[in-house]
*Asks:* 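A single structure is presented below for examination.
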Number of protein chains: 4
Amino acid sequence: MKHIKRRERESHEIRRKIIEAARDLFLSHGYGEVSMRKIADRIEYSPTTIYHYFENKEAVVRELLEEGYALFLQALQQREQEARAEGLHAMDVLKTVCKSYILFGLEHPGYYNILFTTNLEGASSIAIIENDRSKGFEMLEAGIRKAVDEGYLTITDERLTAQSIWSMLHGLTSLLLSFYGPDMESRDELISFTIETFFRGLGR
Amino acid sequence: MKHIKRRERESHEIRRKIIEAARDLFLSHGYGEVSMRKIADRIEYSPTTIYHYFENKEAVVRELLEEGYALFLQALQQREQEARAEGLHAMDVLKTVCKSYILFGLEHPGYYNILFTTNLEGASSIAIIENDRSKGFEMLEAGIRKAVDEGYLTITDERLTAQSIWSMLHGLTSLLLSFYGPDMESRDELISFTIETFFRGLGR
Amino acid sequence: MKHIKRRERESHEIRRKIIEAARDLFLSHGYGEVSMRKIADRIEYSPTTIYHYFENKEAVVRELLEEGYALFLQALQQREQEARAEGLHAMDVLKTVCKSYILFGLEHPGYYNILFTTNLEGASSIAIIENDRSKGFEMLEAGIRKAVDEGYLTITDERLTAQSIWSMLHGLTSLLLSFYGPDMESRDELISFTIETFFRGLGR
Amino acid sequence: MKHIKRRERESHEIRRKIIEAARDLFLSHGYGEVSMRKIADRIEYSPTTIYHYFENKEAVVRELLEEGYALFLQALQQREQEARAEGLHAMDVLKTVCKSYILFGLEHPGYYNILFTTNLEGASSIAIIENDRSKGFEMLEAGIRKAVDEGYLTITDERLTAQSIWSMLHGLTSLLLSFYGPDMESRDELISFTIETFFRGLGR
DNA sequence: TATGAATGAGTATTCATTCAT
DNA sequence: GATGAATGAATACTCATTCAT
């Protein structure tokens, strides 16, 4: 059992296939719809094989979440650093981060749904990862603080502001994912409009 | 079949129990997780009994949706009329509607999830009700138009603005539902802050 | 229980509807496919109502069989008497009976299937009716005897001959019912050809 | 699914048990009566196990049909070749084929019922096999043609004649199967008598 | 006379999972 | 490293039937 756990971290081609299949299934279906057999069918292996790489279904989902969060955080951080490197001031860096949040959702709808929409009720040990979620939130807070420090924002409660921004971002992303096709013309307009409006509201 | 259809609309104690059980199950689970058997267990009847009152699972969900939308629209309309009766001007009426949207979600988390979060992929004939969803959206648009007409808002694209507001509301509501307990102290503060910020951003 | 049995014989409009519905369902489906609920749906009554007229499903089938046999025998006898009245000689009377056997099957495919094709395994008390089946067989035997008596046939074993004829008739009918649509052009040709061939074979 | 398909053709002890159980159940019951659970009970495995070997119920029936037809055609062809090898002339070869048709039914009542009596309404993709049925019919036609060519038969319509013979054979077989025990003494007599009579009727 | 209410058993099928190889 | 074999429990849904009214 120990050695299974150990190997669980090892990278492996089939591990990848499995979690990619699981992610794709999550895209169009809910947690209950993603079955070990469907994953197995998709990668053309027997269901038993999956148990060679993952202890059970929950372990698959857990890894999916971990990967998703890693990807998510990486996407945000990368864009932030790029923005900084471009010499943007704190406010525009913050906006860039916001846009890349939404972009992540649009580019990885499967991951986004699992990370932020799907209710993973059945999966108990998954709560551990909850703190990955707060890392993204902390990035937001940090960005806000910097904007405040640099005088672009006048804010009393950073935490509150971050929650508010986050909810706006999540609302926008999930709206775009569930009710609009991928080709919605006014998509970018809606994104820009919402973000600009909100930040204008935040003031100076 | 005929005789079921005939009184499908009739009220009945057990019908109520069934859809309430279904609604509660939807609160913490997805469509696939809500099973006829679980509903039956919850109301302490045999699964067969449910089929006495509903043609199939989809019919249960359909009624749940219809009820949910009715409740939702009613809540919005009632608060709007109250606000008008109180002599509030268009802008504050609009804000009141926004707050009652969020309040509906917080008071009826089960309904909110089914109406606006859950992926009802399996349920085909449910698309019909989709247009109930747009009724809520139209209320928003109408409120915006009125605020524009009365000079409280300067807006170019009503549709875009409504989508933007809607996404903010949905984001806020689902954030509150998934990540905060019902007793979150700063809840109302977050709601007010977000709405005020956004409308300030919309300008004049 | 006694009085139920008694009333079971009474004619009644709904009784008729029930067994007609059952018969129609038997046409296109097997015994297992004919359910009390489907019968009830078809006549637009509740399933419970059927139990007012019949003790159980088996009783419905039993009556269906009785009626079917009555109809069957009546059809045969009527044509036989008509043929006799027309002054046909015994041989042609016999052929007429044969043709009316086939015609019954083609005109009442539902009844024919229940009477002669469907395996009524589940229905125990139905064996009683078995002797109705032999009545039809006896008509055949009687017809043969008469043809022999009148010198149209030279036959050693009447029983054997009757069985032989019967099997030919059943084969022809069920072939026509299962593999040909109702509009098969060469239908009558096949019937005539087979009967004529067979009787020619029986000889003088 | 893939891996099941891949070895669907492979022989396997349990596959055999399953289709034999299904065949036996078909003997005394209709399509609707033969359930996966009953099959499972009969072979003393769990119902789930059957799905390890067959995709679904229809696949079981399909294989049953394929096997049945293969056995049927083989039986007919073998006897025909034997008869030819024995130097019988075309007429007697034809009669031999006829007798082996009936014999097949008597020796394999389960198969016979599925192939020629049971209404497989529920099973859609099964129609494909329908053309196996016509192969048997074609053997009959070919035999007739040969008998005509060799001057044993004078016939105008081969197709009609074949249908006529076929219906006689089917009638005889199903009569023997449903209404007589396997030990009926006069069985062979009835078979011979009917065939002889019919062919005598066909003439020269 | 008719039916609404209720259910236990049965229908096909899918699920996650274990075990021996 | 991979899988065939096997299953108990669950899925939605249908069945014949009973009972009280």
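A, B, ... follow the sequence lines: proteins, then strands. Residue 1 opens every chain.
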*Asks:* Please tell me which of K38(B) and S46(D) maps to the more 5' nucleotide of DNA chain F, matching each residue to the nucleotide holding its nearest heavy atom.
*Replies:*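 The residue whose closest nucleotide sits nearer the 5' end is S46(D).
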
*Asks:* Closest heavy-atom contact between L27(D) and N113(D)?
*Replies:*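 Heavy atoms only, the tightest pair is O-ND2, 3.2 Å.
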
*Asks:* Rounding to an integer number of Å, can you tell me how far E44(C) CD sits from dT1(E) P?
*Replies:*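 Spelled out: CD on E44(C) to P on dT1(E) is 20 Å.
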
*Asks:* How many whole angstroms separate atom NE2 of H52(A) from atom P of dT21(E)?
*Replies:*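 Taking atom P of dT21(E) as the reference, NE2 of H52(A) is at 15 Å.
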
*Asks:* So Y45(D), base contact, sugar-phosphate only, or nothing? Heavy-atom distance under 4.0 Å.
*Replies:*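 Sugar-phosphate contact only.
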
*Asks:* To the nearest Å, give me how far apart NZ (K57(C)) and P (dA16(F)) are.
*Replies:*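 One finds 5 Å between P of dA16(F) and NZ of K57(C), rounded.
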
*Asks:* NA contact type, S35(D), heavy-atom cut-off 4.0 Å: base, sugar-phosphate, or nothing?
*Replies:*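 It contacts sugar-phosphate atoms only.
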
*Asks:* Provide the Watson-Crick or G-U wobble partner of dA20(F), both distances under 3.5 Å; none if there is no partner.
*Replies:*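 In the structure as shown, dA20(F) has dT3(E) as its Watson-Crick or wobble partner.
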
*Asks:* If I take atom CD1 in residue I50(C) and atom P in nucleotide dC15(F), what distance separates them, rounded to the nearest angstrom?
*Replies:*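 Result: 12 Å.
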
*Asks:* Report the distance from atom CD of E67(A) to atom CZ of R15(A), rounding to the nearest 0.5 Å.
*Replies:*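 Reported to 0.5 Å precision, the distance equals 9.0 Å.
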
*Asks:* May I ask you to verify if any side-chain N or O of H12(A) is less than 4.0 angstrom from the OP1 or OP2 atom of dG1(F)?
*Replies:*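 For dG1(F), OP1/OP2 do not have a side-chain N/O of H12(A) under 4.0 Å.
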
*Asks:* Going by purine N1 to pyrimidine N3 plus the second Watson-Crick contact, or the G-U wobble pair, all under 3.5 Å, which nucleotide sits opposite dT13(E)?
*Replies:*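 Paired with dA10(F).
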
*Asks:* Can you check the F54(A) CZ to dA16(E) C1' distance for me, whole Å?
*Replies:*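 Rounding to the nearest Å, CZ of F54(A) and C1' of dA16(E) are 16 Å apart.
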
*Asks:* Tell me whether the rings of F116(D) and Y112(D) are parallel (<30°), tilted (30 to 60°) or perpendicular (>60°).
*Replies:*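 Judged by the thresholds at 30° and 60°, the geometry between F116(D) and Y112(D) is tilted.
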
*Asks:* Take atom CG of N56(D) and atom P of dT13(E), then tell me their distance rounded to the nearest Å.
*Replies:*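 Distance, rounded to whole Å: 5 Å.
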
*Asks:* Counting only Watson-Crick pairs (N1-N3 plus N6-O4 or O6-N4) and G-U wobbles (N1-O2, O6-N3), all under 3.5 Å, who is the partner of dG8(E)?
*Replies:*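 When the pairing criteria are applied, dC15(F) turns out to be the nucleotide that pairs with dG8(E).
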
*Asks:* Distance check needed: dA20(F) P versus Y51(C) OH, whole Å only.
*Replies:*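 Answer to the nearest Å: 17 Å.
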
*Asks:* OP1 or OP2 of dT11(F) less than 4.0 angstrom from a side-chain nitrogen or oxygen of R37(B), does that happen here?
*Replies:*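 For dT11(F), OP1 or OP2 has a side-chain N or O of R37(B) closer than 4.0 Å.
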
*Asks:* Among the candidates dC15(F), dA2(E), dA9(F), find the nucleotide nearest to the side-chain atoms of Y53(C).
*Replies:*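 The nucleotide sitting nearest to the side chain is dA2(E).
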
*Asks:* Going from CD1 on I50(C) to CZ on R37(C), what distance comes out if it is rounded to the nearest 0.5 angstrom?
*Replies:*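 Output value for this atom pair is 11.0 Å.
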
*Asks:* Rounded to whole angstroms, how far apart are CE on M36(B) and C1' on dT7(E)?
*Replies:*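 So the CE-C1' distance, M36(B) to dT7(E), works out to 15 Å.
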
*Asks:* Identify whether NZ of Lys or CZ of Arg in K17(B) sits under 6.0 Å from the centre of the six-membered ring of Y53(B) and within 45° of that ring's axis.
*Replies:*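 Cation-pi check for K17(B) and Y53(B): fails.
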
*Asks:* Considering heavy-atom distances to DNA chain F, does V34(B) or T49(A) have its closest nucleotide positioned more toward the 5' end?
*Replies:*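 It is T49(A) whose nearest nucleotide is closer to the 5' end.
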
